[in-house]
Amino acid sequence: MRYSKAFIPTMRHVPKEATMASHVLLIRSGSVRMLSKGIYSYLPLGWRAVENVARVVREEMDRTGAQEILMPFVQPASIWQESGRWDGFGPELLRFKNREGADYAIGPTHEEVVTDLVRREIRSYKQLGFNLYQIQTKYRDEPRPRAGILRGREFIMKDAYSFDADAEAAQRSYEGMVVAYARIMTRLGLEFRAVQADTGAIGGDLSHEFQVTTPSGEDVLVLCDKCSYAVNVEMAPAYGDGWTCTPGEAQGGTSSEVHTPGAHTVEEVSSFLGVTAQDILKTVVLHDGDHHHAALVRGDRELNLLKTARLLGVREVFLAGDEDVRRLTGADVGFAGPCGLEKKVESIIADREVEGMAGFVCGANRTDHHLKDVHLGDIGADVRFADLRKVTDGDGCPRCGGPIHTEKGIEGGQTFYLGTIYSEKMDATFLDSGGKSRAVEMGCYGIGITRLVAAAIEQHHDENGIVWPIEVAPYQVHVLQLGAGEQAAAEAERIHDELEREGLDVLLDDRKERPGVKFFDADLLGIPVRIVVGEKGLKQGALEVKTRDGSISESIPPSDVVGRAAGIVSDLRDEALRSAGERAGSILKETGLQK
RNA sequence: CGGGGUGUAGCUCAGCCUGGUAGAGUGCGAGCUUUGGGAGCUCGAUGUCGCAGGUUCGAAUCCUGUCGCCCCGACCA
């Protein structure tokens, strides 16, 4: 490809709407442009990267025997009503009516469609044991899209669905996908961890997230330093089986109110009253859509909303709004306490650790006032104790007791073992070898194709631009033709043409630009191998061949340049494949799926 | 949804408080010089000041509404 003919609108300025590295660089490199909130066009460079991720995903999915299909993204409400998700999915499902007034949705995922497709054809266990996947645009009406294509409303996803006759075969299908995902992530050059995950709206009881580890990630991973325990913080239990605590003094009656003007935060209360955060009881007012609840945690802890929702038996809980807090507690936000709150809320729940607290400080439900020397007996209501707090660095591993630490991650893919939850609801059944009717055992497996492009940049960039991993890079080799001399132009063309004949994707910067401009753009675009063809080098009989990550920088004769560049590319690919094989060999142990 | 911010040239932003002919840098076009890390000089083109109302002799500026975008949202309880 000749740069002079390419549509690569690079930008010098940092676009003001972008804060994350991948977002900034995708825009600056002319890879994507926003049409509307969370909705992006892919320009040639960005689209090539997307296609490359898709290519690797296809290769690895096909390798497992999965078959590619394409399903509709416009889906009738009827199948969603069958599965119960028309009401269950929430506002992220974009719904609309067609001209006849019938309800439809734009597919955020395809369990319903694929289950419907398969149930019409499956009669016997002999037909089962297959996996269907597609690569397609999805739409989820996210409440808060951000960070460009990392968390968009419209995005491209690979979703696969396995269909088996029994749980054992389904388990093997699941493991096959976990292995494939490890190969995919590794080939794409991504550092990742597979963690146990919540199954959320999709359902099922076994799930792993493939988290691309980066400090800019949205998810928090809890990882054991000693064993292979790895879990999303949403799921992480704070207390192992052996955990106990000595119940605190239940006797109340010693509490007294203290004036704490302006002390809204635990930190402020702690320094105002000269107590530690552990001596403070934090009261969080929640609502679950129907009712309000109060949750109690130690002052230095954070509430885990997912564990809280599970305890309450609801799908989701949210923080109550400021207005609700004022109405229920009778005080400004920051002064809520459990005493006297039992009549205002549906229930009071507390983290297990709170059971050991005594003589603590808590809000007085009166603006600018707290209570001190409070005991559990003062709450005057039944409090349910459970594992509610968020796990943090320094907590113990629930499996081996070793120390755990947390890391941030971007969820690049997730695998779910669904069992029969969809097949039962939607009547996808078959006759087993004994002639009995059974529901199909299903699994579903997603990879955010466009998100992985952004994640790759989050992990691979420097202050000058992108540093593409070889399998994602829109081009593998970037030939910089410097100067206006005919000799350099002819030589650059020759190198470009020969590299293309080798089957490589090559970008030839033949623009009438000064060298500095070309170098800066080359750094920004991040193509892995760079060849500089200038009059100076030709005179000296040595051209510069460099990798974008700086690991290789050589001056070699023009006649050897093509062979050397092609060699570097194939070495990089071989290395990616080799590590993919290695990681795939250990992933089942790593995830605990095999001993 | 709540809170905060922002919208002026392709891009980044100034001007707004205190109303009076629309600005800078960068980019873009032409010319000369320059040519291995975002060149210099000269000349030039570019705006429904997000949109809709209102106040005013007069609105980018003040008022009302609306739309878009960005950031934050137990860690304050």
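By convention in this document, chain letters (A, B, ...) are assigned in the order of the sequence lines, proteins followed by strands, and residues within each chain are numbered from 1. All values below come from the heavy atoms of this structure, side chains included, with hydrogens, waters and symmetry mates left out.
- When the P atom of B:C71 is taken as reference, atom CG of A:L150 falls 11 Å away, rounded to whole Å.
- Between the CZ atom of A:R514 and the P atom of B:U33 there is a distance of 14 Å, given to the nearest Å.
- Residue contacts shown for A:D300 are absent, as no nucleic acid heavy atom lies under 4.0 Å away.
- Note on A:N304: a base of the nucleic acid sits closer than 4.0 angstrom, heavy atoms only.
- Base pairing of B:A9 is not made with any nucleotide, judged by Watson-Crick or G-U wobble geometry with both donor-acceptor distances under 3.5 Å.
- For the residue pair A:H259 / A:H369, a side-chain donor-acceptor distance below 3.5 Å is found, with atom types taken as modelled.
- Atoms CD1 (A:I27) and C1' (B:C69) sit 11 Å apart, rounded to a whole Å.
- Among the heavy atoms of the strands, none lies under 4.0 Å from A:K518.
- A:D521 contributes no side-chain N or O that, together with a main-chain N or O of A:L524, makes up a donor-acceptor pair within less than 3.5 Å.
- When the C1' atom is used for both B:A60 and B:U6, the distance is 15 Å, rounded to whole Å.
- Heavy atoms of A:G363 sit nowhere under 4.0 angstrom from any nucleic acid atom.
- Which of B:C72, B:C69, B:G38 sits closest to the side chain of A:R144 comes down to B:C72.
- Looking at heavy-atom distances under 4.0 Å, A:R298 makes no contact with the nucleic acid at all.
- Nucleic acid contact for A:R530: base, since at least one base atom lies under 4.0 Å from a heavy atom of the residue.
- Cation-pi geometry between A:R511 and A:Y3 is met: under 6.0 angstrom from the ring centre, within 45 degrees of the axis.
- Judged purely by atom type and a 3.5 angstrom limit, A:D387 uses its side chain to pair as donor or acceptor with the backbone of A:A238.
- If you check the side chains of A:D219 and A:Q211, you find a donor sitting under 3.5 Å from an acceptor.
- Partner assigned to B:C28 is B:G44, using Watson-Crick or G-U wobble distances below 3.5 angstrom.
- Across the protein-nucleic acid pair, A:L35 atom CG and B:C69 atom P stand 10 Å apart, rounded to whole Å.
- Residue-level contact check: A:V285 touches neither bases nor backbone, having no heavy atom under 4.0 Å from any strand.
- We find that OH of A:Y40 is positioned 10 Å from C1' of B:C70, with the value rounded to whole Å.
- A salt bridge between A:D141 and A:R95 is absent, with no side-chain N of the basic residue lying under 4.0 Å from a carboxylate O of the acidic one.
- Within residues 1-20 of chain A, the residues having any heavy atom closer than 4.0 Å to RNA chain B are, in order of number, A:R12, A:H13, A:V14, A:P15, A:K16, A:E17, A:T19.
- Within the 4.0 angstrom heavy-atom criterion, base atoms lie near A:K536.
- Using modelled atom types, one finds a donor on one side chain and an acceptor on the other under 3.5 Å when comparing A:N232 with A:E209.
- Pair check for B:G36 finds none; no Watson-Crick or G-U wobble contact set falls under 3.5 Å.
- Side-chain N or O atoms of A:D523 include none that pairs as donor or acceptor with a backbone N or O of A:F520 at under 3.5 Å.
- Nucleotides B:C63 and B:G47, compared at atom P, are 28 Å apart to the nearest Å.
- A donor-acceptor contact closer than 3.5 angstrom links the side chains of A:H405 and A:E407.
- Taken residue by residue, residues 537-544 of chain A places heavy atoms nearer than 4.0 Å to RNA chain B at A:G537, A:E544.
- B:G7 atom P lies 16 Å from atom CE of A:M34, rounded to whole Å.
- Figure legend. B:C1 is base-paired to B:G73; pairs are counted as Watson-Crick or G-U wobble with both atom distances under 3.5 Å.
- Nucleic acid contact for A:T329: none, since no nucleic acid atom lies under 4.0 Å from a heavy atom of the residue.
- Summarising the geometry, the separation between CD on A:E218 and P on B:C71 is reported as 11 Å, rounded to the nearest angstrom.
- Side-chain contact between A:L388 and A:I349 is present, with heavy atoms from C-beta onward closer than 4.5 Å.
- Going from atom CG of A:L482 over to atom P of B:U34 covers 18 Å, rounded to whole Å.
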Listing, residues 16-27 of chain A side-chain donor-acceptor contacts under 3.5 Å, not counting sequence neighbours, or none:
residue	atom	partner	partner atom	Å
A:S22	OG	A:E458	OE2	2.7
A:H23	ND1	A:G148	N	3.4
A:H23	NE2	A:Y40	OH	3.2

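- Distance check on atom P: B:G20 versus B:A59 gives 11 Å, rounded to whole Å.
- The pairing partner recorded for B:U21 is none, the criterion being a Watson-Crick or G-U wobble arrangement whose two distances lie under 3.5 angstrom.
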